[in-house]
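To start, the structure under review is shown below, and the notes come after it.
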Amino acid sequence: MEYSKNIDKKWQQKWKDEKLYKYNPNAKGKKLYTLEMFSYPSGAKLHLGHWFNYGPSDTFARLKRMQGYNVFHPMGFDAFGLPAENYAIKTGIHPEDSTMKNIETMKKQLEEMGGSYDWDYSVETCMPNYYKWTQWIFTKLFEAGLAYKKEAPVNWCKNCQTVLANEQVINGACERCGTAVERKKLAQWFFKITDYAEELLKDLEKLDWPESTKKVQTNWIGKSEGSEVTFKGENGDFEFNVFTTRVDTIGGVTYVVVAPESELVQRITTKEQKEAVDNYIKETAKLNEIDRLSTERPKTGVFTGAYAINPVNGDKIPVWIADYVLEDYGTGAVMAVPAHDTRDYAFAKKYNLPIKRVIEAKDGEKTELPYTEKGILVNSGIYNNLTSEEAKKKITDDLAAKSEGKRSINYRLKDWLVSRQRYWGAPIPIIYCDKCGMVSVPEKDLPVLLPYDVEFRPDGESPLKKCEEFMNCTCPKCGGKARREADTLDTFVCSSWYELRYPDAQNTEKAFDKETVNKMLPVDVYIGGKEHAAMHLIYARFMTKALRDLGYLDFDEPFKRLVHQGMILGPDGNKMSKSKGNTVSPETYIEQYGSDVFRMYLMFGFDYRQGGPWDEKGIESMVRYFSRIERLIETIGKYDEKESNGIIKENEKDLLRVKNQTIKAMGEDIDNFQFNTAIARSMELLNKINDYIRENNDINTKVVIETVKTYIKLLAPLAPHFAEEQWYRLGNTESIHKQQWPEINQKEMDGGTKNIPIQVNGKLKTCVTVSADATPEEILTAIKETPQVIEIFEKNDVKKEIYVPGRIYNLVV
RNA sequence: GCAGAUGUGGCGGAACUGGUAGACGCACAGGACUUAAAAUCCUGCGGUGGUUAAACACCGUGCCGGUUCGAUUCCGGCCAUCUGCACCA
């Protein structure tokens with residue numbers, strides 16, 4: 001193989017000099033915005049996963065460019081975040097320094113990969129020219145009431161004296177020191193994503209996304225339809241609501257349970273029970289994440305001493321508290337029906353609470369308790385004999401008439417907690433003034449710059465709090481002395497709108513121009529890992545909708561089509577990780593074989609959506625393939641096109657037919673991200689060309705040369721450097737990447753033959769070869785004339801004859 | 001526990017809306033070229049039986065069953081692996 005990384009370098013330089021990948025928004029061709037999830041510059045270099053994600057996606061972008069689309073294919077860096085900060089804590093290297101250095105390296109490597117990016121449209125989320133607008137968006141959400149502050153529990157590591165992100169909590173313990181993580185309440189910032197729960201759910205329909213990802217989001221949003229029912233205290237001195245999806249079982253309520261954290265508990269607890277209740281609340285607060293995550297843990301709870309009245313049947317029922325009831329879901333209180341709920345059943349058994357059956361199976365079959373299916377009501381007074389569905393409706397209606405209940409919908413989705421007690425993030429642009437309260441930083445004062453010299457080692461407080469010159473400021477409203485918010489924004493906020501910034505990345509006046517984003521978005525194809533199915537992809541959708549409602553854009557969804565690439569695992573079949581020592585570095589392969597061999601091997605050896613364990617065995621096969629192509633080009637060089645007589649014979653038609661079929665198949669395959677089969681098709685074409693040359697002494701040079709040129713064009717998106725080299729070797733003087741994707745010549749593609757399978761009882765017996773353009777009737781005639789078919793009719797009693805016109809013939813005997 | 005994905009030759013992986021299972025490649029075997037090797041080219045390659053060789057027959061897409069003229073594909077039930085979410089009332 002003559003091809004090597006030197007050839008890569010040569011063309012990279014030339015493409016750069018010629019600004020080959022310059023994006024022109026006004027160029028002709030339909031716009032196509034294709035985007036890969038940008039990468040996090042945590043490691044110093046691109047790893048195999050980056051290659052597997054970005055190489056094939058670049059191939060897709062290149063195909064689309066050749067097919068005449070005006071392709072917008074930007075790349076940037078998700079540069080804020082915890083790993084850089086952790087790295088800094090470990091090594092003492094400032095996050096800004098390490099991050100900027102990593103970005104430089106990664107950019108260079110992406111060029112070495114042959115990525116067709118225009119770096120004039122790039123974003124780095126840690127740069128003030130980007131995070132200024134992240135902050136600006138925050139202020140707009142704040143002004144619209146979509147960003148708010150409230151107390152919320154955070155993960156707290158006692159040993160490290162720090163707040164932990166969810167990702168830093170491994171099995172309920174701190175990832176660094178292994179100490180059990182506790183919950184601690186702190187004032188936190190939230191985005192009101194719950195306002196959009198219904199729309200986020202409903203609009204999933206519109207999206208061309210993998211069904212499994214839509215399902216993840218559906219579950220994440222967790223819509224649940226049921227009823228809210230009011231329970232009053234036996235003396236009418238208190239009341240509270242419960243949420244239930246099974247109001248039909250309300251007759252079987254034998255106690256109610258309130259979350260220990262609920263403020264109601266303090267009001268209703270009797271003197272006798274006060275000590276027990278207080279102790280229980282204390283114990284619950286101490287509970288760490290490990291215990292909380294355990295569903296195995298036996299249910300515990302305490303009686304408050306108070307009684308409530310069942311609004312449907314007037315039963316007097318005890319009010320308990322138990323930590324299996326969550327304060328922040330539903331109303332923070334549940335009605336317990338031990339006969340028909342497994343948790344309530346276990347709880348009732350443990351504390352000897354009564355169990356009352358109110359639902360029987362529809363078929364009258366005797367079932368054991370707890371019976372959690374729907375059925376027919378019993379022991380429920382006027383509701384007896386109704387089905388569960390009928391009862392739900394009637395009971396809710398009756399309660400509503402008394403103002404003691406209503407239909408209700410609950411979502412599992414919680415508001416998005418966006419504040420972090422961390423250094424390496426965008427400062428939250430809020431100022432606290434004694435006189436004016438919370439004031440957002442006006443646009444003219446943005447960005448609120450992240451100071452460089454900060455002690456970022458964790459000690460339990462936001463690092464920025466210790467930076468006096470950052471903290472002290474004047475109130476934008478009254479001009480008095482004020483303090484800044486010391487928390488920074490979750491990196492998911494930075495990445496929730498970056499796709500909007502790319503098309504207008506240099507804009508210094510606005511986050512983005514409305515007209516520009518309306519024209520360029522939504523992203524036509526978005527490519528990235530499915531680990532982002534819930535978080536990033538739902539946050540970005542929320543942000544688009546919120547900005548739409550604030551009038552900054554006019555579309556509903558950011559990403560029209562979504563493709564998830566698979567993951568390349570270590571050779572041992574496990575996820576690659578430094579600690580397991582099973583990482584594979586792309587560099588050695590690039591050094592040895594050149595970037596296109598590596599890119600092609602990644603595309604050919606794995607299903608793009610699936611990934612799989614790394615295995616370098618097959619990479620030599622790609623070297624062999626490249627060598628065969630080089631030899632072909634060399635052979636072709638000996639022929640002179642002018643010698644051709646121009647008459648196309650039968651054996652040449654076959655070659656042309658395969659050529660056209662390959663154009664079609666490869667275009668479709670790459671469009672579907674099936675790179676492995678696209679490459680297989682290209683190999684078949686090469687085999688065909690070689691067969692033709694070998695089998696014919698007197699070859700038609702014109703046909704061969706044209707076919708080879710087409711073939712190299714087909715390789716251009718897959719192996720950009722290599723194809724360029726061969727293209728020039730064929731005597732061309734303009735980049736192959738400026739060529740059109742070959743057109744399909746229908747005339748050349750027609751003709752030839754095809755096989756029609758003949759089956760007996762669904763089993764293949766023989767085939768009949770017919771002309772590809774034969775009519776179904778002609779084919780049937782040919783089938784009937786086949787000796788084997790005649791024989792079958794003679795020897796068997798044919799009961800049924802099935803002919804799928806032009807496809808298959810089956811006889812039942 | 002719930003949800004989702006996956007399961008096809010020795011291996012990576014193909015197979016359109018139910019219609020010739022195993023494309024393409026790797027590995028392997030045999031042959032050509034060579035003093036020899038490498039490279040290259042050609043041929044074979046799911047299993048079992050069968051034959052001098054073929055023809056041919058049977059089995060075969062995780063397992064069991066169903067629908068159908070026909071199932072890797074659709075339905076029901078299992079098993080295994082992986083990935084999310086996890087007391088959601």
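Because only heavy atoms are used, hydrogens play no part in the values below, and waters and symmetry mates are left out as well, while side chains stay in. Letters A, B, ... mirror the listed sequences (proteins, then strands); counts begin at 1.
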Show me the pairs that pass salt bridge (Lys or Arg N to Asp or Glu O under 4.0 Å) and involve [range], at least two apart or across chains.
{"range": "residues 665-674 of chain A", "result": "A/Lys64-A/Asp671, A/Lys664-A/Glu668"}
{"range": "residues 329-342 of chain A", "result": "A/Asp341-A/Arg343"}
{"range": "residues 564-573 of chain A", "result": "none"}

Checklist entry - Base, sugar-phosphate, or nothing for A/Val325, non-hydrogen atoms under 4.0 angstrom? => result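 Base, at least one base atom sits under 4.0 Å.
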Checklist entry - When you check every protein heavy atom under 4.0 Å of nucleotides 10-18 of chain B, what one-letter string (B, S, -) results, 5' to 3'? => result --BSSSBB-
Tell me which donor-acceptor pairs under 3.5 Å the side chains of residues 528-539 of chain A have, and how far apart each pair is, sequence neighbours excluded?
from, atom 1, to, atom 2, distance (Å)
A/His536, NE2, A/Tyr526, OH, 2.8

Partners of [X] by side-chain contact (heavy atoms from CB on, under 4.5 Å), sequence neighbours excluded?
{"X": "A/Glu239", "result": "A/Thr230, A/Lys232"}
{"X": "A/Asn690", "result": "A/Arg628, A/Leu632, A/Leu686"}
{"X": "A/Thr635", "result": "A/Tyr639"}

Next on the checklist: With a 4.0 Å limit, can you tell me whether A/Tyr329 has a side-chain N or O closer than that to the phosphate oxygens OP1/OP2 of B/A89?
Outcome noted: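 True: A/Tyr329 side-chain N/O within range (under 4.0 Å) of B/A89 OP1/OP2.
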Item to check | Side-chain N or O of A/Asn687 closer than 4.0 Å to phosphate OP1/OP2 of B/G25 | outcome: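 Checking A/Asn687 against B/G25: at least one side-chain N or O falls below 4.0 Å of OP1 or OP2.
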Atom pairs under 3.5 Å: protein N/O with N/O of nucleotides 65-69 of chain B:
from, atom 1, to, atom 2, distance (Å)
B/C69, OP1, A/Lys800, NZ, 3.4
B/C69, O2', A/Asn810, ND2, 3.4
B/C69, O2, A/Asn810, ND2, 2.2

Every protein N/O within reach of nucleotides 40-42 of chain B N/O, cut-off under 3.5 Å:
from, atom 1, to, atom 2, distance (Å)
B/U40, O3', A/Arg631, NH2, 3.2
B/C42, OP1, A/Arg694, NH2, 3.3

Next on the checklist: In whole Å, measure the gap between the C1' atoms of B/U73 and B/A15 for me.
Outcome noted: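 After rounding to an integer number of Å, I get 10 Å for this pair.
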Next on the checklist: Could you check B/G9 for me: syn (within 90° of 0) or anti?
Outcome noted: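 Nucleotide B/G9 adopts syn.
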Expressed in angstrom and rounded to an integer, what is the separation of [X] atom [atom1] from [N] atom [atom2]?
{"X": "A/Asp341", "N": "B/G1", "atom1": "CG", "atom2": "P", "value": "17 Å"}
{"X": "A/Ile756", "N": "B/G70", "atom1": "CD1", "atom2": "C1'", "value": "16 Å"}
{"X": "A/Asn219", "N": "B/C85", "atom1": "CG", "atom2": "C1'", "value": "8 Å"}
{"X": "A/Leu569", "N": "B/U81", "atom1": "CG", "atom2": "P", "value": "16 Å"}
{"X": "A/Trp209", "N": "B/G4", "atom1": "CH2", "atom2": "C1'", "value": "16 Å"}

Checklist entry - Name the stems that RNA chain B belongs to, where each is three or more consecutive Watson-Crick or G-U pairs with both distances under 3.5 Å? => result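 Listed by first number, the stems are B:1-7 with B:79-85, B:10-12 with B:24-26, B:28-32 with B:40-44, B:46-49 with B:56-59, B:62-66 with B:74-78.
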Where do N or O atoms of nucleotides 54-60 of chain B meet protein N or O atoms at under 3.5 Å, pair by pair?
from, atom 1, to, atom 2, distance (Å)
B/A57, OP1, A/Lys765, NZ, 3.3
B/C59, OP2, A/Lys763, NZ, 3.3

Next on the checklist: Which residue in the set A/Thr244, A/Thr249, A/Asp248 passes side-chain hydrogen bond (donor to acceptor under 3.5 Å, both in side chains) when paired with A/Arg246?
Outcome noted: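 Answer to the side-chain hydrogen bond (donor to acceptor under 3.5 Å, both in side chains) test with A/Arg246 among A/Thr244, A/Thr249, A/Asp248: A/Asp248.
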